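Please read these numbers as outputs of a predicted model, since none were measured by experiment.
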Amino acid sequence: MKSLRSTPCLAALAVVAACAAPPAPVPDAPATGAEAFAAPAEAVPVEATWWSGFDDPVLTDLIEDALARNASLKAADAAVDAVEIARRSADLSRRVSTRTTTSAEVARGVQVNSEVSGQLSSALTASWEYDAFGRLRALVESADFDIEAERQARRDLAVIIASETALAYIDLRGAQVRLDVARRNAEAQKEGLDLIQTLLDNGRATQLDFERADAQYRSTLASLPVFEAQIATAKNTIAAFVGIDATAPGAYFEPVRAATDIPALSAPIAAGNPADLLRRRPDVRQAEATLASRLALGEAARADIFPRITFNAAANAFYNDLDDFKTSKSIGFGIGPSLVWEGPDLRRVYARIDQADAFSMQAAALYEQAVLDALADAESALSDYALELERRADLVIAAAAARRALDLATLRFQEGLDDYLDVLDAQRTLLDAEDRLATSQAETASRAIRAYRALGGVWDDPALVDFRNSQTGGT
């Protein structure tokens with residue numbers, strides 16, 4: 001980057017106007033790492049409303065309620081409104097501005113018999129800055145990019161809210177299923193415990209068999225409050241995202257009370273391609289807009305090297321006596337251009353330019369990191385999801401085998417071929433296999449949600465605004 005302090009101080013405005021501003025720094029193009037991104041040859045667009053792929057109406061309703069009612073999104077709406085207002089203010093700086101001042105004064109001297117006198121003055125001024133060196137244009141461009149950055153920040157927040165609501169719902173369903181598994185196993189273990197008690201009373205079992213069966217039964221019962229606590233936590237999390245009081249009476253959570261299967265994605269995830277990912281990820285687009293805004297501010301700072309040319313007009317009136325109202329002698333006017341220059345000592349201008357360049361390089365580095373993080377995030381999320389699918393398939397087979405093993409162990413015990421320890425071991429294995437399977441099913445759904453989050457899946461900003469307006473009756 002060329003040093004601004006090497007520019008000689010110029011004494012004449014005409015010479016300054018002929019000088020060229022130092023060039024803005026050009027950030028290095030970020031390395032995309034696209035070669036590491038696993039995408040099909042013919043990429044399918046990522047579904048914006050990805051939650052519909054789980055075929056769960058309750059999940060769909062919860063996410064859409066969260067996107068429509070979440071208080072953080074309302075705050076993001078206000079942030080967008082603020083930068084849009086700032087943009088209008090920047091645009092007005094390119095137009096004619098007017099100002100009116102009026103003052104009145106009544107005075108009486110300290111001498112004896114002094115008369116009371118009055119004065120009235122008013123002025124109307126108008127000014128317009130000729131944007132000869134693009135300062136105002138650059139400020140408006142920066143404001144436009146600030147709007148885009150805030151809109152993408154709102155989109156990023158919507159992606160987070162949708163995914164976190166879905167993850168809380170999966171946690172809820174997962175805890176419900178695991179609770180149901182534990183209860184069913186506890187019932188089976190209680191039946192076995194009763195059977196051992198009967199056999200013990202008849203001398204066909206030992207006290208050791210009973211104590212082992214009782215310990216396993218009590219351990220299973222002890223897991224039930226853990227799952228119930230997880231259910232309560234998940235409901236509270238959902239309530240916070242949706243913007244309701246989880247403890248308030250009502251039927252809002254009625255659809256999620258009953259335990260159902262953990263929702264699973266009905267179709268493969270369409271990953272798209274790296275270029276589409278970078279255009280879709282709101283955090284990348286926000287970083288890109290922030291970089292563009294910083295570069296525009298750097299151009300505005302460079303324009304301060306040159307003089308500002310302003311055309312002014314003013315009309316003044318001064319009345320010291322009632323007779324002044326009858327004549328035009330107390331009315332004056334003026335019109336003409338003015339030049340304002342911060343030179344010949346431009347060190348403060350150079351400092352502002354250096355500062356703007358530093359902010360631009362900072363924004364460029366953050367944009368590069370956002371690109372790399374987005375690609376790594378998507379690659380990892382898709383890989384994690386694929387691996388969990390494989391793990392779930394093995395656990396399905398393991399759970400089926402554990403059920404068959406329990407049936408065989410029970411039959412062999414009833415036939416007197418084995419003792420009850422084998423039945424207890426088979427029950428423990430089945431409980432562990434079914435719990436692992438339920439955990440994997442929830443984890444598979446959660447990893448699918450995280451994959452869609454990494455892919456930036458949600459509507460674009462106009463579609464998001466239209467949806468929220470349709471849900472809240474806004475315009």
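Closest heavy-atom contact between Ile262 and Gly174: CD1-CA, 3.7 Å. Nearest heavy atom pair, residue Ala445 against residue Ile170, reads CB-CD1, 3.7 Å. Nearest approach of Val284 to Val371, heavy atoms of both residues: CG1-CG2, 4.1 Å. Closest approach of Leu366 to Ala287, counting heavy atoms only: O-CB, 4.4 Å. In this structure, Thr100 and Leu124 approach most closely via the heavy-atom pair OG1-CD1, 3.3 Å. Considering all non-hydrogen atoms of both residues, Ala143 and Ala90 come closest at CB-CB, 4.4 Å.
Side-chain atoms of Ser470 come within 3.5 Å of backbone atoms of Phe467 as a donor-acceptor pair (strictly under, hydrogens ignored). Formation of a donor-acceptor pair under 3.5 Å by the Arg302 side chain with backbone atoms of Ile353 is not found in this model. Between the Ser293 side chain and the Ala289 main chain, no donor and acceptor come within less than 3.5 Å of each other. Side chain of Trp128 to backbone of Ser93: no donor-acceptor contact under 3.5 angstrom is found. In this structure a side-chain-to-backbone donor-acceptor pair under 3.5 Å is present from Ser163 to Val159. Ser440 places no side-chain N or O within 3.5 Å of a backbone atom of Arg436 that could act as its donor or acceptor partner. One N or O on the side chain of Thr237 and one on the backbone of Thr233 form a donor-acceptor pair closer than 3.5 Å. Checking side-chain atoms of Asn70 against main-chain N and O of Phe241 turns up a donor-acceptor pair under 3.5 Å. Side chain of Asp156 to main chain of Gln152: no donor-acceptor pair is present (N/O by atom type, distance under 3.5 Å, no hydrogens or angles). Side-chain atoms of Thr125 never come within 3.5 Å of backbone atoms of Ala314 as a donor-acceptor pair (strictly under, hydrogens ignored).
Only one option out of Arg135, Arg95, Arg137 pairs with Glu129 in a salt bridge (Lys or Arg N to Asp or Glu O under 4.0 Å); it is Arg135.
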request  = Show the numbers, then the answer: is there a side-chain contact (heavy atoms from CB on, under 4.5 Å) between Leu120 and Thr102?
outcome  = CA-CA 8 Å; Leu120 177 66; Thr102 302; 4.1 Å; yes
request  = Given side-chain contact (heavy atoms from CB on, under 4.5 Å), test Trp50 with Ile63 step by step and report yes or no.
outcome  = CA-CA 11 Å; Trp50 48 263; Ile63 291 179; 4.1 Å; yes
query = Checking side-chain contact (heavy atoms from CB on, under 4.5 Å) for the pair Asp171/Gln230: CA distance, chi angles, key distance, verdict?
reply = CA-CA 8 Å; Asp171 289 343; Gln230 291 174 356; over 6 Å; no
inquiry  = If you apply the rule side-chain hydrogen bond (donor to acceptor under 3.5 Å, both in side chains), what do you find for Arg468 with Gln471, and how did you get there?
reply    = CA-CA 5 Å; Arg468 298 185 65 227; Gln471 297 295 307; over 6 Å; no
message = Applying side-chain contact (heavy atoms from CB on, under 4.5 Å) to Glu390 and Leu387, what does each step give before you reach the verdict?
response = CA-CA 5 Å; Glu390 296 179 5; Leu387 293 174; 4.2 Å; yes
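Atom CZ of Phe133 is separated from atom CD1 of Ile305 by 10.5 Å, given to the nearest 0.5 angstrom. Taken to the nearest 0.5 Å, the CG atom of Asp91 stands 11.5 Å off from the CG atom of Leu139. Atoms CD1 and CG, from Ile244 and Asn236 in turn, are 10.0 Å apart once rounded to the nearest 0.5 Å. The distance from atom CG of Leu167 to atom CZ of Arg450, rounded to the nearest 0.5 Å, is 5.0 Å. Distance check, rounded to the nearest 0.5 Å: CZ of Phe306 to CG of Leu346 gives 10.0 Å. Taking OH of Tyr385 as the reference point, atom CD1 of Ile449 lies at 10.5 Å (rounded to 0.5 Å).
A salt bridge links Asp304 with Arg352: at least one charged nitrogen is closer than 4.0 Å to a carboxylate oxygen. Salt bridge absent: Arg155 and Asp461 never bring a charged side-chain N and a carboxylate O closer than 4.0 Å. Under the 4.0 Å criterion applied to side-chain N and carboxylate O atoms, Asp146 and Arg87 are not assigned as salt-bridge partners. Contact check on Arg281 versus Glu288 returns no salt bridge, with no Lys/Arg side-chain nitrogen under 4.0 Å from an Asp/Glu carboxylate oxygen. The existence of a salt bridge linking Glu443 and Arg392 is excluded, since no basic side-chain nitrogen approaches an acidic carboxylate oxygen closer than 4.0 Å. The existence of a salt bridge linking Glu388 and Arg391 is confirmed by a sub-4.0 Å separation between a basic side-chain nitrogen and an acidic carboxylate oxygen.
Annotation: side chain of Pro263 is in contact with side chain of Tyr169 (closest heavy-atom distance under 4.5 Å). Leu455 places a side-chain heavy atom less than 4.5 Å from the side chain of Ile269. The shortest distance between side-chain heavy atoms of Tyr367 and Thr290 does not fall below 4.5 Å. Side-chain contact between Val465 and Trp459: absent, with no pair of heavy atoms (C-beta onward) separated by less than 4.5 Å. Contact of the Arg154 side chain with the Gln286 side chain is not registered, since no non-hydrogen atoms from C-beta on lie closer than 4.5 Å. Annotation: side chain of Val181 is not in contact with side chain of Phe227 (no heavy-atom distance under 4.5 Å). Ile309 is not listed as a side-chain neighbour of Asp131, based on a closest heavy-atom distance of 4.5 Å or more. Side-chain atoms of Arg280 and Leu277, non-hydrogen and from C-beta on, do get closer than 4.5 Å to each other.
In this structure, Arg294 satisfies the cation-pi test against Phe359, with its NZ or CZ atom closer than 6.0 Å to the six-membered ring centre and inside 45 degrees of the ring normal.
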